[in-house]
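Comments concern the structure below.
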Amino acid sequence: MATVELTDDTFQQAVTDNDIVLVDFWATWCPPCRQFGPVFEKSSNENPDIVHAKIDTDAQQRIAAAAGISSIPTLMAFREGILVFNQAGALPAPALKQVVDAVRGLDMDEVRKAIAAE
C-alpha cells in the first residue's frame, strides 16, 4: 500500500478507522525528511496492513501544532486510536521495522489499563 497524505480533515478518521497508523510529519525543505521518505515508503509497501500516512507540516500547520510537532521528521504510531509511539528524527530502515514490530506486538488491553491508571 502506498503512503497516503493526511489533512486536518482526514487525520482523526484515519487514526480511528484503522488498527495501526504510522504518521510521518515532514516538510519539503527538510533534508532528513527527504532521507526518511524512501524508508517510510518501503515500509508501506512491505506492511500493507498498516496505514502509512504523511502530513506536510507546512501545508497542515493546525494539525502539526495540535500534535505538538517541534522537530521534523517526527514519526507517530497509533494503535486502535491510541498514540503508542512518538519520536523525532529520521529512522533507518531497521529501526522503523523495530517500531512496526513493537506496535504490532502490543497488548492493547494492557495499554488501556496503563492509561486508565494514570
Side-chain angles (χ1 to χ4, degrees):
M1 173 191 281
T3 58
V4 296
E5 283 286 331
L6 293 182
T7 66
D8 290 342
D9 297 329
T10 60
F11 175 77
Q12 190 63 43
Q13 184 174 2
V15 168
T16 56
D17 287 357
N18 296 283
D19 184 41
I20 300 174
V21 181
L22 299 181
V23 182
D24 173 22
F25 289 85
W26 70 287
T28 56
W29 51 263
C30 165
C33 299
R34 290 194 307 268
Q35 174 188 353
F36 182 60
V39 172
F40 194 70
E41 187 71 35
K42 184 177 182 209
S43 176
S44 175
N45 292 329
E46 292 172 349
N47 300 285
D49 59 314
I50 296 176
V51 173
H52 285 67
K54 296 178 83 63
I55 295 179
D56 181 337
T57 57
D58 287 336
Q60 304 299 326
Q61 293 180 10
R62 194 170 73 202
I63 191 73
I69 302 302
S70 60
S71 180
I72 54 173
T74 291
L75 178 67
M76 290 186 175
F78 296 86
R79 173 101 186 259
E80 297 177 15
I82 299 170
L83 177 64
V84 295
F85 180 85
N86 181 358
Q87 181 176 315
L91 297 175
L96 180 55
K97 182 179 181 337
Q98 284 183 323
V99 170
V100 167
D101 292 344
V103 171
R104 269 199 183 111
L106 285 173
D107 179 338
M108 290 308 293
D109 289 334
E110 290 298 319
V111 170
R112 282 187 281 280
K113 283 181 191 174
I115 291 169
E118 290 180 358

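The pair Asp101-Lys97 meets the salt-bridge criterion, with a side-chain N (NZ, NE, NH1 or NH2) lying under 4.0 Å from an Asp/Glu carboxylate O.
With contacts defined as side-chain heavy-atom distances shorter than 4.5 Å, the pair Asp58/Trp29 qualifies. Side-chain contact check for Val39 versus Pro92: every heavy-atom pair is 4.5 Å or farther apart. The closest side-chain heavy-atom distance from Thr74 to Asn86 is below 4.5 Å. Counting heavy atoms from C-beta outward, Val23 and Phe11 have side chains that approach closer than 4.5 Å. Side-chain contact between Asp107 and Val111 is absent, with no heavy-atom pair separated by less than 4.5 Å. With a 4.5 Å cut-off on side-chain heavy atoms, Leu75 and Leu91 count as touching. Side-chain contact between Gln98 and Val100 is absent, with no heavy-atom pair separated by less than 4.5 Å.
Proximity of a side-chain donor or acceptor of Ser44 to a complementary backbone N or O of Phe40 within less than 3.5 Å is not detected. Looking at Asn18, its side chain never comes within 3.5 Å of a backbone N or O of Ile20 through a donor-acceptor pair. With Asn47 contributing its side chain and Asp49 its backbone, the two residues share no donor-acceptor pair below 3.5 Å.
Distance check: Leu106 CG to Phe85 CZ gives 11.5 Å after rounding to the nearest 0.5 Å. Separation of atoms CD1 (Ile82) and OG1 (Thr16) is listed at 12.0 Å; rounding is to 0.5 Å. In this structure, the separation between CE on Met76 and CD1 on Ile69 is 4.0 Å, given to the nearest 0.5 Å. Annotation: the span from Ile72 atom CD1 to Phe36 atom CZ amounts to 12.5 Å, rounded to 0.5 Å. The CD atom of Gln12 sits 12.0 Å away from the OG1 atom of Thr7 when rounded to the nearest 0.5 Å. Taking CD of Gln60 as the reference point, atom CZ of Phe25 lies at 10.0 Å (rounded to 0.5 Å).
Here salt bridge (Lys or Arg N to Asp or Glu O under 4.0 Å) pairs that include residues 21-37, with residues two or more places apart or in two chains, are Asp24-Lys54. Applying the salt bridge (Lys or Arg N to Asp or Glu O under 4.0 Å) rule to pairs touching residues 70-81 yields Asp19-Arg79, Glu80-Arg112, sequence neighbours excluded.
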Practice item. For Ile50 and Arg104, run side chain to side chain contact (heavy atoms under 4.5 Å, CB included): C-alpha distance rounded to whole Å, both residues' side-chain angles, the deciding distance at 0.1 Å, then the answer. Key: CA-CA 9 Å; Ile50 296 176; Arg104 269 199 183 111; 3.6 Å; yes
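Heavy-atom minimum distance, Pro32 versus Ala90: O-CB, 3.7 Å.
One hydrophobic cluster, built from ILVMFWY side chains closer than 4.5 Å, cannot hold both Trp26 and Leu6; they sit in different ones.
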